[in-house]
Amino acid sequence: MRLSALLPALLPLLLTAQFDLTWAPDVPVSVAGTPLAMPWAGGLNFVQFSPIDIDMDGDEDLFLFDRSGDEVVILKNIGSTSAPVYRATREFDTIHPFDLLKEWALLRDYNCDGKADIFAYEPGGFVVYKNVSTPGAPAFQLLNPAGVGNLVHSNYQPTFANIYVTQVDLPSIVDMDNDGDLDILTFSIFGTYLDYHRNLTVETYGHCDSLAFEVRNRCWGSFAENFADNGVTLNVPCTYNVPNPEFPLVMEQWSGGGERGAELPPPSSGDLRSAAHAGSTVLAIDLNGDNVKDLLLGDISYGNVVALTNGGTVISSLMVSEEDDFPSYNVPVNLEIFPGMFHLDVNGDGKRDLLVSPNSATLAENKRSVWYYRNNGTDSAPVFQKQTEELFQSDMLDFGEGAFPVPFDHNGDGLMDLVVGNFGYYQSGGFYPCALALLLNVGTANAPAFSLANTDYMNLSGAGLCPAMHPAFGDVDGDGDKDMYIGDQNGYLHFYRNISTGSTANFQLVTNQVPHAGGSPIDVGQHAKPQFFDVDGDGKIDLLIGEANGNVNYYRNLGTTAAPLWGLENETLGNVTAAIPPSLLGHSVPVMFLNETGQREMLVGTMAGWIRHYTNIEGNLGGTFTMVDSTFQQIKEGWRSALAVYDFTGDGHPDIIAGNYRGGLSFYRNDFFLNMADRANSAAMDMFSLAPNPANESVQIAFHLPLSSLAQVQLLDVTGRLVMELPARNSRMEMNLMGLPPGLYSLRLVDGSGTWAQRLVVYR
């Protein structure tokens, strides 16, 4: 029987690449010889911290909400209560409502059941998700209504509405009056004064399993934020306060009255509250052990933390002193802009520590952005001592904002390394110096391991391309080694030739703003993300370029392998889009690759963080590709996903390294071994075999079935470029591999109307 006769029966098995991706945190990564504890955790930028026992094993884990993409990161405690050891996990990524959280999310146990509930922003206020988890089944349930309070006015008229918390603020959700239920401090809609919303659940019902708020002071602490700076004015009058501030009213006085959603009375011309509120973070904390809450304040335009001492009582607050550089007795917080403060026990000694991170979504420190102050005092009278500016970040691969991984064998040893581009590392004044980083693969062909060898690969941080560098590698000049293009924020490409005379790459700038066939610079608008790939199968590498708008540009090589001429074939290749409504931006990052059958497929990173998977590319470059999955493998590492696709584990199936805008990476191993494609692969190995594999100088190909007179053997590199093509005339043939760069290839048998392929590793 001829091979072509068997193909129709096999085609249903060979339609798409086979993926069964598993997050692989155990792939080793070292920095200066020291292993990273959780290299593939995905990075951190602007983090809000809360404790939670998410796996209900009796010790506290950490819930991290990163405003860079509104992503939840869970650090699981694999140690003990008194000696915690935190490690990133992916087992809770799909829990509802983690994917719905925006702007801010703080976990507090409002109903005293020992399980942390979620307080989270919604327009005009906040919502609460009740923790209804059982062992082995974490779950949260939306409370309806949530965040509703009695907004008593100075004329005794109540209004029932969601307690106002802006999207840029962080409220303090804590038991202010020491009665066992959670109260709320937040800046009002008018801004300069602090509203105190007292929870009357214990007073009314005798237990703490509900939320019943009443505003009890519109000028809590008798202070106001200054207009000109982030200082405060003490002992300010408050002419519009509620009756009997801080003393509770009886429930009958407000139950059933008022109109939900009614507006607050307008400010008088003499009130300090007439200024618009810009943004503040609030942490109520007892700093001196007197059982009365003091205050830490952060401001959207400043990097320091202001501490206010409460000289009043639990029911009569009065701020009596101000410390502008807290903690002045140690190392004051200085985070450039908008510090957010979080009070929790990080080291398991029973005393709550202080964590500080920017409460911003941009224009803030993004690499050393988690300041940890250990509490060396007591829990009720803390003494904070600074330990590090990059808590957990130093355990991860973290490249500031943005991580764009691209496979490239830098040293020519046959093991695929990684070059990682980024948007940049924040610098004072709003600058973002960017750089490429080099991760050398120091493992084996089947067990990758990486070492961070360089954080400014080829010294390009000063090349004037920042912010945002996205590299691509391909043999542009036809000399057998791979050159480099870099896409920039302005939509241009820059050509760096590999001038190395040995196996280790060395790049030199040849062309700023690479031109297209018409002579003008290639310009895709914003954020060019190139990939070299032989898109049309003519043996010459072409260019795919993603961009901010979310489409994929296809530039066909109209020249030669040694002198490419880039002709724009299609600005919307395959009608692919990475823009997911309601966003108008897509930030597409295309990665075309060959599947196990030698067919072209494409994965596309998106602005929203999901990965889109496209097939139906062969013979359809002018048509619409088939999107077989808009949430590929349910991987969502974070905003602006970028991908490296390569068989790092040498098992014949491509693995994936995913980058995101938090600046980190995640390694996903492809564990696809036992399903249909592998059974088909076993059948293919019965049809033809390769020996040796891996191979050095040559490979023997043995055909186990008669072939047609049209049968050809093709060798393709990882970019899909046809490297060699030979007729298959006999039952056995030899392919000379001398002169080929080491790496992974696809050896494809083409017989009549069908094809089949096996992976071939070439080493030196």
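One-based numbering along the sequence shown. Remember, predicted model here, so these are calculated numbers, not experimental data. Because only heavy atoms are used, hydrogens play no part in the values below, and waters and symmetry mates are left out as well, while side chains stay in.
If you check the side chains of Ser369 and Ser357, you find no donor sitting under 3.5 Å from an acceptor. Side chains of Asp353 and Gln387: no donor on one and acceptor on the other come within 3.5 Å. Residues Asn217 and Asn241 have side chains that bring a donor and an acceptor to within less than 3.5 angstrom of each other.
Between the side chain of Asn660 and the main chain of Trp639, no donor-acceptor pair closer than 3.5 Å is present. The closest donor-acceptor contact from the side chain of Asp175 to the backbone of Gly180 lies under 3.5 Å. Side-chain atoms of Asp169 never come within 3.5 Å of backbone atoms of Pro171 as a donor-acceptor pair (strictly under, hydrogens ignored). In this structure a side-chain-to-backbone donor-acceptor pair under 3.5 Å is present from Asn77 to Val85. At least one donor-acceptor pair closer than 3.5 Å links the side chain of Thr204 to the backbone N or O of Leu200.
Remark: Tyr425 pairs with no residue by the side-chain hydrogen bond (donor to acceptor under 3.5 Å, both in side chains) rule, at least two apart or across chains. With sequence neighbours left out, the salt bridge (Lys or Arg N to Asp or Glu O under 4.0 Å) criterion links Asp349 to Lys351. Scanning for side-chain contact (heavy atoms from CB on, under 4.5 Å) contacts around Thr22 gives Arg669, Asp671, with sequence neighbours left out. Qualifying side-chain contact (heavy atoms from CB on, under 4.5 Å) partners for Val383, counting only residues two or more places apart in sequence or in other chains: Tyr329. Judged as a salt bridge (Lys or Arg N to Asp or Glu O under 4.0 Å), and not counting sequence neighbours, Lys130 has no contacts.
Using the six-membered ring where Trp is involved, Tyr121 and Trp104 have ring planes that are tilted, between 30° and 60° apart. Below 30°, between 30° and 60°, or above 60°: for Phe450 and Trp40 the angle between ring planes is above 60°, a perpendicular geometry. Ring-plane geometry between Tyr661 and Phe423 is classed as tilted, the angle between the planes lying from 30 to 60 degrees on a 0 to 90 degree scale.
Shortest non-hydrogen contact noted between Tyr110 and Asp209 is CE1-O, 3.7 Å.
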Quiz: residues 330-338 side-chain donor-acceptor pairs under 3.5 angstrom, not counting sequence neighbours:
unit_1	atom_1	unit_2	atom_2	d
Asn330	OD1	Lys386	N	2.8
Glu336	OE1	Ser428	OG	3.2
Glu336	OE2	Ser428	OG	3.2

Under 3.5 Å, which donor-acceptor pairs do the side chains of residues 46-58 form with other protein atoms, sequence neighbours left out?
unit_1	atom_1	unit_2	atom_2	d
Gln48	OE1	Ala105	N	2.9
Gln48	NE2	Glu103	O	3.1
Gln48	NE2	Asn359	OD1	3.1
Ser50	OG	Leu107	N	3.0
Asp53	OD1	Met56	N	2.9
Asp53	OD1	Asp57	N	3.1
Asp53	OD2	Asp57	N	3.4
Asp53	OD2	Gly58	N	2.9
Asp57	OD1	Asp59	N	3.2

> Please walk me through it: do Ser280 and Glu225 pass side chain to side chain donor-acceptor pair (under 3.5 Å)?
Replying inline: CA-CA 10 Å; Ser280 301; Glu225 284 191 317; 2.9 Å; yes
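For residues 362-382, the pairs satisfying salt bridge (Lys or Arg N to Asp or Glu O under 4.0 Å) are Arg352-Asp379, Lys367-Glu390, Arg368-Glu389, Arg368-Glu390, with sequence neighbours left out. Pairs engaging residues 318-328 under the salt bridge (Lys or Arg N to Asp or Glu O under 4.0 Å) rule: none recorded [sequence neighbours left out]. The ring pair (Phe, Tyr, Trp, His ring centres under 6.0 Å) pairs that include a residue from residues 55-83 are Phe63-Phe98, where partners are two or more places apart or lie in different chains. Within the structure, no pair that satisfies the side-chain hydrogen bond (donor to acceptor under 3.5 Å, both in side chains) test touches residues 282-291, not counting sequence neighbours. Listed by first then second residue, pairs satisfying ring pair (Phe, Tyr, Trp, His ring centres under 6.0 Å) with a partner in residues 285-321 number zero, not counting sequence neighbours.
The CH2 atom of Trp220 sits 13.5 Å away from the SG atom of Cys238 when rounded to the nearest 0.5 Å.
Between Val29 and Leu397, some side-chain heavy-atom pair lies under the 4.5 Å cut-off.
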